[in-house]
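Just so you know, these numbers use all the heavy atoms, side chains as well, and skip hydrogens, waters and symmetry mates. The shown structure was predicted, so the numbers you read here are calculated from the model rather than taken from an experiment. Every chain is numbered from 1 and lettered A, B, ... according to where its sequence line falls, protein lines coming before strand lines.
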Amino acid sequence: MDAAAHESHDAHGHDHHHDPRLAHHFEDHQHQFDTGKLGIWLFLGQELLFFGGLFCAYSIYRGLHPEVFEEGAKFLNTNLGAVNTVVLLFSSLTAAWSVRAAQLNNKKGLILAIVLTIGCAFGFLGIKYVEYSHKLHEGVFWGQSFHPTREILEEAHVTPGVVPMPAEDGSVDPKAEKIAMLKPNLHTFFSIYFMMTGLHGIHVIAGILVYLWILRRAIRGDFNSEYYGPVDFTALYWHLVDLVWIYLFPLLYLIH
Amino acid sequence: MTADAAHIVSSRDDTYLNHTKGLLSWVVTLDHKRIGLMYLLSTALALCLGGVFALLVRTELWGPEENLMSHDVYNQMFTLHGAVMVFLFIIPSIPAAIGNFILPIMLGVKDVAFPRLNLASFYIYVVGAIFLVTSMYLSAIDTGWTFYTPYSSSAQVGSQSAVMSSAMGVFILGFSSIFTGINFIATINTMRPKGMGWFNMPLFLWAVYATSIIQVLATPVLAITLLLLTVERAFGLGIFDPALGGDPVLFQHFFWFYSHPAVYIMVLPAMGVISEVIGTFSRKRIFGYKFIAMSSLAIAFIGFLVWGHHMFTSGQSKLASMVFSGLTYLVAVPSAIKVFNWLTTLYKGSIRLNAPMLYALSFIWLFAIGGLTGMFLGTLAVDVHLHDTYFVVAHFHYVMVGGTVMALFAGLYYWWPKFFGRMYNETIAKVACLLVFIGFNVTFFPQFVMGSQGMPRRYYTYLEQYQPFHQISTVGAYILGFGILMAFAGLILAALKGPKAPDNPWGANTLEWHTSSPPPFDNYASQPEATDPYDYHALVFDEKIGGWVKVEDAPATGGEA
């Protein structure tokens, strides 16, 4: 890293009383802040399209097979989903508060807001862990691994349709013994559920990591009313993560 | 002394090349010029690697029987050729290599908006490239560069583990592309110099801007698609696998939603290079500036709406096909606007046929053929006949190689004196250009003919009636390969031993020619005011330094040199 530090030091050589947090190719803090803000919005734009692919897959499969989605949603625990929604909404509030605290030079408030945000993020992941482990324990997997147990079918009030068991040659005798059968391709719902919530979860983890870094810088006293870009940009990212969940919750949990 | 000269602070001996020394000073540099050169080196290596795969494929096709490799290896070879060329070479070549170097200097700034992100995007590229290339050792992918499902998601032969590592490689490469795009948009939006409104920008910047928009908005869709493919492959997700109720055509929709706009990621920056070169070497103000600038945005916009034309025969609805066909024709309009404006710029210009200009003229010629044959493929009924034949292969090679590679060399020869402060050998450059042009046409023109006669693409063997075409094509490929090597040799020779280049050897008036060659470490001491990029009368040739100077500096600069 020496060479890079040397380079940037040299680039600063002809400026007086230079703030090390202002990169040499910007005119002033406002210029740097505006550029960073545009950058983060562009990044959020690509995030939107990244999730957009999954939302698109969701719409197509739900449009073609609405019954699979209605049935699948019964397996989800609406209460836990609702609690998680509240947790994330609250964390968005604390994230916004952290920006305000930085703008007001309120170091204690800034640190408290960031800690609360990180705490909520961990809370969200904890609840998600409870949901996931219950499903996986009961065989509710994605795609080819979907083999739900009888217990979870009862718990979800899913009553499999009953069809006659076909004979060896494939012919069906209406009087034959009946077998229980779930809606065909019910596992598609869980493929999409695990993919969307999983990807969202990864974004929550990424958010935690970034916030830990912001916390370290906040404790060090890097941020003030003139320089608070990173706090603002991270909060914007966090709002997007929140926003994605705001769509996931009704689309996956509240559709029956 | 004018303000212009005062912008150059460092003495001529202190350049970005020798400002700091040692390998480490390159590896961790945040300087956009060095990052651009590292991109240039990597993409050039990728071009050579992809070229070797291409020559192996062409050699195998010399006869219909097995000549060199088994059919399985052949499938891997054309897949690797496509994947390496598209993802490792063409997409990053002009924007990330030339763009990184030139864009900030053209704007008169010291660096791109986010220098750390810029370096990060280079290393993300390197990691992605390692993933993609190491998959060759695992058991190279044989799906074609398009990774079509369900073969890629469920086939248990040939490509077992390689699909995952290749798809992850391309996934990672995508983020390198996205970060470059974000960087360039932010730089152009917020860091233009005084006096450079949107419509005073050099056209190369317009082209890179339009490219960046596509990179930021289209690439994430490819990323999610390949992530789904990888998860599908690893855990049996079933989104694209018909055996699990998934829809393989959905994969094609997702894939082409990125990969069609990606065609414009490849060709738009090339068009930007051509706009600069044509104007400079005609010594005439570029004709229809606003039309060229806006057509870049139009291509970027319409490019998002035509992906379905890759799927006319995949069973999409007739209505969808008709709409996509109509929109495909619409892209021809902004593309043609550019070609007509370049031709009109040439008209009554004082044309100098230096190497960059020869490459640029080749570009116009080949791009015109590539574009016009696209019309055949956009026509629904004709496409049913031509789909998946060598006609398609020839068409997109005319656009990608005839377009992008020609423009890449035009740009490299044009800006090489700025990169390294040394002139290239005009004879080597021109002979190389001629070889590339001839070799290219000999390779790909016969493919139009055999494609229209029904030779399917990607086939290992063929009927005897196609053999003459295949053999001509293979000969052409070797000429093309030799020409490209020679073009690179000319550049390397120039960088090492070329005579010193003046600051402005071509008499161009964009800002990068107003700093020294090679540029000092921080480009400019303070941001210079914008010039009129296409006002060639503001410059006169100074015989003492062998380059062009501002009219008002003409008497003074002689002594300085």
Side-chain angles (χ1 to χ4, degrees), chain A residues 1-8 10-14 23-27 31-58 60-61 64-65 68 141-146 184-188 190-192 194-195 198-199 202, chain B residues 9 19-22 24-31 104 109-115 117 119 175 178-179 181-183 185-187 189-191 212 215-225 227-228 231-232 235-239 241 243-247 250 253-254 257 521-522 525 527:
Chain A
M1 291 309 288
D2 278 358
H6 178 61
E7 273 183 12
S8 53
D10 261 28
H12 295 152
H14 38 78
H24 71 290
H25 53 293
F26 293 114
E27 285 159 25
H31 189 206
Q32 175 165 295
F33 178 81
D34 291 343
T35 309
K37 192 115 175 174
L38 178 63
I40 191 69
W41 275 112
L42 289 167
F43 179 75
L44 298 185
Q46 78 84 24
E47 286 283 13
L48 221 53
L49 278 136
F50 189 60
F51 277 103
L54 286 177
F55 280 105
C56 184
Y58 174 97
I60 289 166
Y61 286 121
L64 291 174
H65 302 290
V68 164
F141 280 84
W142 51 85
Q144 64 184 21
S145 322
F146 181 70
N185 292 330
L186 185 56
H187 57 79
T188 303
F190 293 98
S191 296
I192 287 178
F194 279 110
M195 201 61 207
L199 199 62
I202 290 172
Chain B
V9 271
H19 184 74
T20 50
K21 288 202 169 61
L24 196 64
S25 75
W26 282 80
V27 172
V28 297
T29 184
L30 298 179
D31 180 17
V109 291
K110 291 176 182 173
D111 213 320
V112 291
F114 313 116
L117 189 69
L119 184 66
F175 284 96
I178 291 170
F179 291 150
I182 289 176
N183 226 331
I185 294 179
T187 311
N189 256 1
T190 63
M191 297 173 77
S212 302
Q215 284 178 306
V216 173
L217 295 184
T219 320
V221 178
L222 177 75
I224 192 67
T225 311
L227 191 64
L228 280 169
V231 175
E232 173 124 10
F235 303 112
L237 192 67
I239 298 267
D241 187 352
L244 289 167
D247 183 355
L250 183 64
H253 277 288
F254 280 1
F257 184 85
F521 167 65
D522 37 358
Q527 195 170 28

### Query
Above 12 or not: heavy atoms from other molecules or residues under 6.0 Å from CZ of Phe33(A)?
yes
### Query
What part of Asn183(B) lies closer than 4.5 angstrom to a heavy atom of chain A: side chain, backbone, both or neither?
neither
### Task
Side-chain contact test, heavy atoms from C-beta onward, threshold under 4.5 Å: evaluate it for Phe194(A) versus Val231(B) and give yes or no.
no
### Query
Checking Leu64(A) against chain B: side chain, backbone, both or neither under 4.5 Å from a heavy atom?
neither
### Query
Would a 4.5 Å heavy-atom cut-off, applied to side chains only, mark Leu49(A) and Ile224(B) as touching?
no
### Task
Please list, chain by chain and in numerical order, all residues satisfying ring pair (Phe, Tyr, Trp, His ring centres under 6.0 Å) with Phe254(B), sequence neighbours excluded.
none
## Note on the structure
Given the options Val112(B), Thr190(B), Asn189(B), Thr35(A) meets side chain to side chain contact (heavy atoms under 4.5 Å, CB included) only with Thr190(B)
## Note on the structure
Bottom line for Phe179(B): the part with an atom under 4.5 Å from chain A's heavy atoms is side chain
### Message
In the structure I gave you, are the side-chain heavy atoms of His25(A) and Pro115(B) within less than 4.5 Å of one another anywhere?
### Response
yes
### Query
Taking every heavy-atom pair that is under 4.5 Å apart, which of Thr188(A), Asp34(A), Leu54(A) has the most such pairs with chain B?
Leu54(A)
### Summary
Nearest heavy-atom approach of Trp142(A) to Gly236(B) is CD1-O, 4.0 Å
### Query
Which heavy-atom pair separates Leu250(B) from Ala57(A) by the least distance, and what is that distance?
CD2-CB, 4.2 Å
### Query
Which bit of His187(A) comes within less than 4.5 Å of chain B, counting heavy atoms only: side chain, backbone, both or neither?
side chain
### Message
Please give me the minimum heavy-atom distance between Ser191(A) and Leu237(B), naming the atom from each residue.
### Response
OG-O, 2.5 Å
### Query
In terms of heavy-atom proximity below 4.5 Å to chain B, should Phe26(A) be classed as side chain, backbone, both, or neither?
side chain
## Note on the structure
Highest number of heavy-atom pairs under 4.5 Å with chain A among Leu117(B), Leu227(B), Leu222(B), Thr219(B) belongs to Leu227(B)
Enumerate donor-acceptor pairs with a distance under 3.5 Å from any side-chain N or O in residues 39-48 of chain A to protein atoms, sequence neighbours excluded.
unit_1	atom_1	unit_2	atom_2	d
Glu47(A)	OE1	His203(A)	NE2	2.8
Glu47(A)	OE2	His203(A)	NE2	3.1

### Message
How long is the straight-line distance from CG of Leu228(B) back to CG of Leu199(A), given to the nearest 0.5 Å?
### Response
8.5 Å
### Query
How long is the span from the NE2 atom in His24(A) to the CG atom in Asp111(B), to the nearest 0.5 Å?
5.5 Å
### Query
What part of Tyr61(A) gets closer than 4.5 Å to chain B, counting heavy atoms only: side chain, backbone, both or neither?
side chain
